[in-house]
Amino acid sequence: MKKFSKEQRRLYSACILTLSALLVLSVLPSKLPGINANLSPVSVVKAAVPYAVKDIALNPGAEESQLNFTWYTPGEPAASIVQMVKRSDMTGSVFPTGSKVMSFTGTASQAATVTEVVYYSNKVTATGLAPKTQYVYRVGDGTSGHWSPTYDFATQDPYNYSLMFVGDPQIGSSGSVTNDTYGWTKTLNQAVGNFPAFSFIMSAGDQVEHSTSETEYDAFESPDVLRNLPVATVVGNHDTSVNYKYHYNVPNESTLGSTNASGDYYYTYGDTLFMVLNTNNLNGAEHGQFMEETVAKVPNTKWRIVTFHHDIYGAGPHSTEVKITGLRQALFPFFDKLDVDMIFMGHDHSYVRTYVMNGDNVQGRQLVDGQGRDVNPAGNTYVTANSASGSKYYELQAIPEIYSEVRSQLHTPTFSTINVTPNSISVNTYRSDTLQKLDSYGLVKDAEPVKIYTKQAKLDYTASGIEYYYAIKNANAVQKLDTTFKYDTSKISLKKVELVTPDSGTFTYTDNGGEVKVSANLAAPIRSYVYGTYKDAIKLTFELKATKQSSVTTSVQLTSSVLTTQNKHRTAASVIENGTAEVTANVPVPPAGSSVSPGTPAGPGTPVGTGVAAPADTAAPSPSASSASAASGSNGGTAAAPSFTDVPSGYWAASAIQDLVSKQILNGTSSSAFEPKRSVTRAEFTAMLVRALQLTGTGDVAFKDVKAGDWYADSVAAAVKAGIVKGNSSATFGAKSNITREEMVTMLMRGYAKQHGAASTNPAASFKDESKISSWALSYVKQAAALDLVGGREENTFQPRGITTRAEAAVAIYNLLKL
């Protein structure tokens with residue numbers, strides 16, 4: 001071949017490849033799915049002139065806007081190029097040219113040699129992909145006619161998505177590549193045919209039986225669906241050669257945990273961090289270092305998922321091997337330390353799902369919601385997949401493991417779907433043949449609702465003082481808390497703050513002129529035992545100041561609450577369901593010439609255990625009108641605006657706040673404070689907007705969480721009638737949920753349309769994080785920005801799921817009224 005020209009060598013190689021493909025096809029069953037079969041949810045568009053490439057593989061990119069490609073070419077290509085175009089820009093099967101085409105160039109390196117043909121591994125990364133968009137792509141070397149067929153690829157919503165999880169296809173393990181390919185293709189066909197919106201596939205390793213077998217890699221990559229879906233692969237113990245590296249293009253690869261096949265790597269998808277370990281490297285310290293460094297780089301995703309091959313919590317014969325138990329002891333401390341939510345594995349060709357684990361121990365009963373999902377579980381859950389192809393199965397150990405909640409061996413291929421939302425993960429496992437659901441698991445991580453309340457709204461004052469309680473709903477292992485309360489120093493003084501249930505952890509509080517800050521790091525976390533109920537956590541005791549009145553009404557406000565559970569790696573601001581509690585105290589009649597003098601309050605300090613028993617869980621009371629302090633008042637005229645100490649004249653929102661307060665559209669939270677940084681609920685913002693627009697329509701609403709008599713019921717009814725608001729669902733309004741910035745702007749622009757008619761549909765305003773704005777809100781956000789009703793936050797980001805503050809709400813409504 002050295003005597004041939006480069007073009008002659010290329011043609012010779014193409015002929016060899018074509019002949020090889022014909023020989024493979026001749027020995028496969030005529031009805032084998034995946035060989036010229038349409039397995040993808042969208043049709044494959046065939047190019048007029050085929051290009052001699054094979055084994056096109058898609059892998060997730062470093063984050064959701066990227067996509068990695070790998071393919072083989074016989075001989076060294078002139079270049080390695082991927083071209084992509086939006087499906088909407090295609091005319092029939094003709095791939096367009098010009099500015100609509102996105103072109104990405106990568107690299108090629110010499111890979112495997114098969115029957116004297118030297119193949120090159122081409123690797124390219126595509127960037128800048130938009131979410132929820134249909135694309136068409138092709139790969140080639142840029143030379144006319146040297147392009148692959150064109151294939152479809154669709155991006156999904158990275159914050160509400162599903163993926164397919166498979167274990168050990170291990171093509172060739174049964175002794176028949178043909179049979180294993182059939183089983184593998186059938187599983188993919190069944191899964192994608194019934195769940196067509198997968199973002200990608202997650203494999204637990206052992207793609208092939210023989211690590212250097214290019215025939216087995218050809219078979220693994222043969223299903224057409226793999227031209228449309230990325231696969232996040234793991235190095236299995238049968239994938240240990242460099243051939244693995246030839247076929248896959250993994251992002252953020254580390255030198256830690258490496259073998260000649262790959263090192264550990266990671267990628268993000270929306271609010272999820274995926275860390276992938278090569279456990280053929282048994283050095284647990286290296287894997288731990290990789291995970292710690294990765295979390296330091298990507299600290300703020302809500303979800304953390306780890307995948308690797310060897311099942312450290314399995315039920316087959318591998319699960320008791322020394323190297324497996326050694327890996328378990330080396331890895332689980334890092335999963336606990338880094339608050340990993342779920343771990344997915346393979347290797348034992350049988351199915352296992354563990355109980356919630358922490359410290360290598362079963363955590364026992366968790367708080368479960370109405371759908372049977374673990375709420376803020378106090379640990380992590382492990383899943384081991386069975387074979388996705390049926391090439392090989394292992395029998396379960398005779399004695400069930402203490403950690404296995406579900407274990408099965410049905411001798412049929414299986415797959416799992418993993419569904420991720422902003423607050424939940426659910427995993428469902430199915431038989432590939434009948435789609436019978438074999439197992440279902442779900443977990444929820446939500447900010448806990450909290451409240452301030454009193455057990456006696458009216459009482460005869462005694463020296464024991466006036467007591468208020470801070471309670472947490474749906475607490476499952478709340479370990480840290482930071483709360484702030486405010487009270488009127490002209491009426492009451494703080495006597496003491498204490499934990500309802502004494503604890504040997506740390507507990508401190510300070511009182512700074514009517515603002516009480518409480519912090520705790522508990523040894524025994526706070527737990528609720530019935531979903532939907534409250535658990536008392538803190539008791540605040542006050543005493544009346546000297547007064548000649550016969551009755552005094554006092555109130556305490558819960559202004560902020562931030563909690564951390566055992567398995568929540570970032571603090572979460574609580575949902576304040578009841579922010580103000582009032583007590584009316586009858587004051588004893590003093591002797592003539594004297595006044596009541598309740599005593600000297602205790603100063604701030606670090607209390608010790610009180611010995612007070614924890615009361616039973618209590619149900620959430622209906623909020624009183626005082627809960628609506630952020631949205632109280634009327635629109636009946638203009639009054640002198642009070643001077644708020646927390647809104648100085650130079651404050652960015654001062655003019656808006658003063659104007660709306662003077663018009664009685666907004667109120668302060670007290671006579672001297674506005675609390676501009678406090679969050680706003682959906683009910684509060686609805687009431688603000690209704691008063692600002694002077695909407696008066698009333699009527700019944702069909703929301704379960706908006707009842708007659710609720711302070712916001714009339715406002716919600718008026719807003720619904722005006723077409724300004726909708727519910728979170730057909731049944732609930734989400735009245736007490738904090739309103740996000742994109743929800744606020746959506747309501748605002750519907751209010752604008754009510755007053756001025758529809759705004760422009762194609763404004764030019766844009767933000768760096770525009771791709772993260774929900775589709776239903778995007779046009780409203782762009783319209784509002786173009787009208788200068790709202791602006792972005794730092795660095796021209798909108799932060800659509802950020803919580804709206806009282807200052808932001810005031811400025812938005814103020815700007816609306818100026819138009």
Side-chain angles (χ1 to χ4, degrees), residues 339 363 365-370 373-379 423 443-455 467-486 497-509 516-541 556-581 607 609-610 612-624 627 678-679 681 705 735-738 803:
D339 297 326
Q363 291 303 287
R365 182 178 182 272
Q366 302 289 305
L367 182 65
V368 176
D369 70 3
R373 302 175 298 182
D374 289 341
V375 178
N376 294 327
N423 75 331
L443 67 92
V444 177
K445 286 205 300 190
D446 262 338
E448 294 83 358
V450 295
K451 68 176 179 178
I452 183 78
Y453 79 106
T454 179
K455 296 181 179 180
E467 297 174 350
Y468 294 86
Y469 288 87
Y470 162 84
I472 307 170
K473 186 163 70 173
N474 299 337
N476 190 40
V478 171
Q479 191 159 30
K480 296 180 182 179
L481 57 87
D482 289 281
T483 59
T484 303
F485 308 88
K486 288 189 176 181
V497 182
E498 57 196 319
L499 288 171
V500 170
T501 303
D503 186 89
S504 59
T506 61
F507 176 73
T508 61
Y509 69 88
V516 183
K517 292 184 177 294
V518 181
S519 296
N521 188 349
L522 305 174
I526 299 168
R527 297 180 184 272
S528 298
Y529 293 101
V530 178
Y531 185 76
T533 60
Y534 274 95
K535 182 79 170 181
D536 289 337
I538 298 172
K539 182 172 74 172
L540 303 94
T541 305
V556 174
Q557 291 179 326
L558 171 59
T559 57
S560 71
S561 172
V562 177
L563 302 177
T564 307
T565 68
Q566 280 185 338
N567 191 35
K568 195 179 292 178
H569 48 264
R570 57 182 179 183
T571 57
S574 308
V575 177
I576 300 177
E577 290 196 335
N578 194 57
T580 304
T610 63
V612 180
D617 290 349
T618 55
S622 299
S624 64
S627 300
R678 179 175 164 183
S679 59
T681 66
D705 58 345
K736 297 174 183 177
S737 300
N738 289 333
I803 300 303

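FYI, the numbering just counts along the sequence from 1. Side-chain atoms are counted along with the backbone in the values below, which use heavy atoms only and exclude waters and symmetry mates.
Between Asn376 and Val444, every side-chain heavy-atom pair lies at or beyond the 4.5 Å cut-off. The shortest side-chain heavy-atom distance between Gln479 and Asn521 falls under the 4.5 Å cut-off. Residues Arg373 and Leu443 fail the side-chain proximity criterion, which asks for heavy atoms closer than 4.5 Å. Counting heavy atoms from C-beta on, the side chains of Glu448 and Thr565 come closer than 4.5 Å. Here the side chains of Gln363 and Asp374 are not in contact, with every heavy-atom distance at 4.5 Å or above. Between Leu481 and Ile538 there is a side-chain heavy-atom pair separated by less than 4.5 Å. Side chains of Asn476 and Gln366 form a contact here, defined as non-hydrogen atoms less than 4.5 Å apart. Using a 4.5 Å cut-off on side-chain heavy atoms (C-beta onward), Leu499 and Leu522 make contact.
The structure places NZ of Lys535 at 5.5 Å from OG1 of Thr501, a figure rounded to the nearest 0.5 Å. One distance of note links CG of Leu558 with OH of Tyr470; it measures 6.5 Å at 0.5 Å rounding. For the atom pair CD (Glu498) and CZ (Phe507), the distance works out to 8.0 Å, reported to the nearest 0.5 Å. The distance from the NZ atom of Lys451 to the OG atom of Ser574 is 14.0 Å, given to the nearest 0.5 Å.
Between the side chain of Ser679 and the backbone N or O of Ile803 there is no donor-acceptor pair closer than 3.5 Å. Of the possible polar contacts, none joining the Asp482 side chain to the Val562 backbone as a donor-acceptor pair under 3.5 Å is found.
Lys455 has a carboxylate O that lies under 4.0 Å from a charged side-chain N of Asp536, or vice versa, which qualifies the two as a salt bridge. Checked for salt-bridge contact, Glu577 and Lys736 miss the test: no charged N lies under 4.0 Å from a carboxylate O.
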Between Ser528 and Asn474, does the side chain to side chain contact (heavy atoms under 4.5 Å, CB included) criterion hold? Intermediate values first, please. CA-CA 6 Å; Ser528 298; Asn474 299 337; 5.5 Å; no
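Looking at Ile452, Val516, Thr484, Thr483 one by one, the single match for side chain to side chain contact (heavy atoms under 4.5 Å, CB included) with Thr559 turns out to be Thr484.
Between Tyr453 and Tyr469, the angle of the ring planes lies from 30° to 60°, which puts this pair in the tilted group.
Residues Tyr531 and Val375 come closest through the heavy atom pair CE1-CG2, 3.8 Å.
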